[in-house]
Amino acid sequence: MMFILKTPHEIQTEIAQRIKALRLEQNLSQQGLCDRSDITLASLRRFERTGLIAFDSLLRLANALGRLDDFENLFVSDQKPDTLFKEEVVSKVRKRGTRK
């Protein structure tokens, strides 16, 4: 999925269209998908029409359509996280004293 030079509204609308297409591919009515995902019919209708939906409802829809794994790589960092227990290595520097 590649979104280049699209507004957030365009992306929302595109995702809503994809969810609707998946629903139809699986031969599900709106009510059938609502029953599987435990979201309200009004929320699904609004989503398919406007692209607006709560994130937890979007995850429920994805789960009901067998596409929850699509969210696994969302916002994954390429960097390895630092551990809280990282030990800092401090090199010891010997100091020379002066003789009197």
Side-chain angles (χ1 to χ4, degrees):
M1 175 169 33
M2 182 182 279
F3 298 111
I4 299 175
L5 299 176
K6 292 184 181 180
T7 66
H9 179 72
E10 289 170 331
I11 295 169
Q12 288 173 212
T13 304
E14 191 170 317
I15 291 172
Q17 291 170 355
R18 290 177 186 180
I19 293 280
K20 182 177 181 178
L22 285 170
R23 174 177 67 79
L24 294 173
E25 283 176 17
Q26 295 184 21
N27 201 25
L28 286 169
S29 65
Q30 287 180 329
Q31 185 61 54
L33 181 55
C34 289
D35 292 343
R36 279 187 176 188
S37 61
D38 197 31
I39 68 166
T40 65
L41 183 57
S43 291
L44 180 59
R45 285 182 176 160
R46 183 180 60 248
F47 176 57
E48 288 187 357
R49 191 178 66 254
T50 66
L52 296 174
I53 194 165
F55 188 67
D56 66 320
S57 295
L58 180 61
L59 292 174
R60 289 178 189 198
L61 288 173
N63 188 43
L65 293 168
R67 301 299 296 260
L68 193 57
D69 290 345
D70 292 351
F71 287 90
E72 285 292 319
N73 293 321
L74 192 63
F75 306 120
V76 173
S77 175
D78 293 337
Q79 298 176 349
K80 292 183 180 180
D82 288 335
T83 178
L84 293 175
F85 304 105
K86 183 177 179 180
E87 294 182 27
E88 291 186 29
V89 178
V90 178
S91 60
K92 295 181 180 179
V93 178
R94 297 178 98 187
K95 294 184 180 179
R96 291 186 178 180
T98 57
R99 289 189 176 176
K100 294 185 180 179

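- How far CG of L33 is from NZ of K20: 12.5 Å, rounded to the nearest 0.5 Å.
- Under a hydrophobic clustering in which Ile, Leu, Val, Met, Phe, Trp and Tyr are joined whenever their side-chain heavy atoms come within less than 4.5 Å, directly or via other members, L24 and I53 fall into different clusters.
- Residues K6 and E10 approach most closely at CA-OE1, 3.2 Å, considering heavy atoms.
- The salt bridge (Lys or Arg N to Asp or Glu O under 4.0 Å) pairs that include a residue from residues 45-55 are R23-E48, where partners are two or more places apart or lie in different chains.
- Between the CG atom of L28 and the CG atom of L22 there is a distance of 10.0 Å, given to the nearest 0.5 Å.
- Criterion: ILVMFWY side-chain heavy atoms under 4.5 Å apart, direct or through other members. Under it, F71 and V76 are not part of a common hydrophobic cluster.
- Annotation: side-chain contact (heavy atoms from CB on, under 4.5 Å) contacts of Q31 (sequence neighbours excluded): S29, C34, D35, L41.
- L52 and I11 fall into different hydrophobic clusters, where Ile, Leu, Val, Met, Phe, Trp and Tyr side chains are chained together by heavy-atom contacts under 4.5 Å.
- Rounding to the nearest 0.5 Å gives a distance of 10.0 Å between CG of L74 and CD of E72.
- Counted within 6.0 Å of CG on D56, heavy atoms from surrounding residues, nucleotides or ligands total more than 12; the atom is thus considered enclosed.
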Please table the atom pairs, donor to acceptor, closer than 3.5 Å between any side-chain atom in residues 58-68 and protein atoms at least two apart or in another chain.
unit_1 : atom_1 : unit_2 : atom_2 : d
R60    : NH1    : D38    : O      : 3.1
R67    : NE     : D70    : OD2    : 3.0
R67    : NH2    : D70    : OD2    : 3.1

